[in-house]
**Student:** 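I am attaching a structure below and will ask some questions about it afterwards.
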Amino acid sequence: MFVSLKNFMTAAVAAVLFVGGTAIASEDPNDDRDLNTFQCKDIMRLSGSERESTLALAHGFRLGKMNTTKYEIEDLADLTDRFIDYCLDNPDDKALETFLKLGK
């Protein structure tokens with residue numbers, strides 16, 4: 001079944017906003033995760049739905065920082081592409097700081 005990027009991104013953002021960031025949740029409930037501690041290489045090492053959910057969580061965080069719930073799918077996809085390209089070249093940079101910087 002083919003899923004368009006627009007439908008995928010909408011579903012991903014909605015899932016993260018309503019369900020939470022389960023992809024980066026630890027199996028140990030006492031092991032808190034903090035997006036601020038992730039480096040670009042940590043995000044790049046994730047695969048499949050884990051990376052997608054983590055990026056959707058970052059998009060949701062960014063939208064919250066902007067105090068908005070409105071978004072354009074094309075803008076989210078563009079930011080995701082630029083973030084991945086940047087992280088491949090700068091693996092030791094802080095992921096969330098980079099994501100927010102590129103999203104300005």
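In what follows, every heavy atom counts, from backbone to side chain, and hydrogens, waters and symmetry copies are set aside.
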**Student:** Below 3.5 Å, can you tabulate the donor-acceptor pairs from side chains in residues 61-69 to any protein atom, sequence neighbours excluded?
**Tutor:**
| from | atom 1 | to | atom 2 | distance (Å) |
| --- | --- | --- | --- | --- |
| Arg62 | NE | Gly103 | O | 3.3 |
| Arg62 | NH2 | Gly103 | O | 2.8 |
| Thr68 | OG1 | Lys70 | N | 3.1 |

**Student:** About how many Å separate CD1 of Ile43 and CD of Glu50, when rounded to the nearest 0.5 Å?
**Tutor:**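 Between atom CD of Glu50 and atom CD1 of Ile43 there are 10.5 Å.
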
**Student:** Quick one: pull up CG in Leu79 and CD in Glu72 and give me the separation to the nearest 0.5 Å.
**Tutor:**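 Going from the CG atom of Leu79 to the CD atom of Glu72 covers 13.5 Å.
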
**Student:** Provide the closest heavy-atom pair for Asn36 versus Lys94 in the form atom of the first, atom of the second, distance.
**Tutor:** O-CE, 3.0 Å

**Student:** Asp93: which residues meet the side chain to side chain donor-acceptor pair (under 3.5 Å) condition with it, sequence neighbours left out?
**Tutor:** Tyr86

**Student:** Quick one: which residue pairs count as a disulfide (SG to SG under 2.5 Å) with a foot in residues 60-104, not counting sequence neighbours?
**Tutor:**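 For residues 60-104: Cys40-Cys87.
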
**Student:** Output all residues satisfying salt bridge (charged side-chain N to carboxylate O under 4.0 Å, His left out) with Asp78, sequence neighbours left out; order by chain, then residue number.
**Tutor:** Arg82

**Student:** Tell me, with the steps shown, if Asp85 and Asp89 meet side-chain contact (heavy atoms from CB on, under 4.5 Å).
**Tutor:** CA-CA 7 Å; Asp85 288 343; Asp89 293 334; 5.6 Å; no

**Student:** Taking only residues two or more places apart in sequence or in another chain, which ones pass ring pair (Phe, Tyr, Trp, His ring centres under 6.0 Å) with Phe83?
**Tutor:** Phe99

**Student:** Go through it in stages, so that I can follow the logic: the residues are Leu55 and Ile84, the test is side-chain contact (heavy atoms from CB on, under 4.5 Å), and I'd like the CA-CA distance, side-chain angles, deciding distance and then a yes or no.
**Tutor:** CA-CA 10 Å; Leu55 289 169; Ile84 289 171; 4.3 Å; yes

**Student:** What distance separates Glu97 CD from Leu102 CG, expressed to the nearest 0.5 Å?
**Tutor:**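 If we round to the nearest 0.5 Å, Glu97:CD and Leu102:CG are 10.5 Å apart.
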
**Student:** Sequence neighbours excluded, which residues qualify as side chain to side chain donor-acceptor pair (under 3.5 Å) partners of Asp92?
**Tutor:**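 Partners of Asp92 under the side chain to side chain donor-acceptor pair (under 3.5 Å) test: Lys41.
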
**Student:** Run Asn90 and Thr98 through side-chain contact (heavy atoms from CB on, under 4.5 Å) and show every step you take.
**Tutor:** CA-CA 10 Å; Asn90 303 280; Thr98 297; over 6 Å; no

**Student:** Between Arg51 (side chain) and Arg45 (backbone), is there a donor-acceptor pair under 3.5 Å?
**Tutor:**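 Not a single qualifying donor-acceptor pair exists.
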
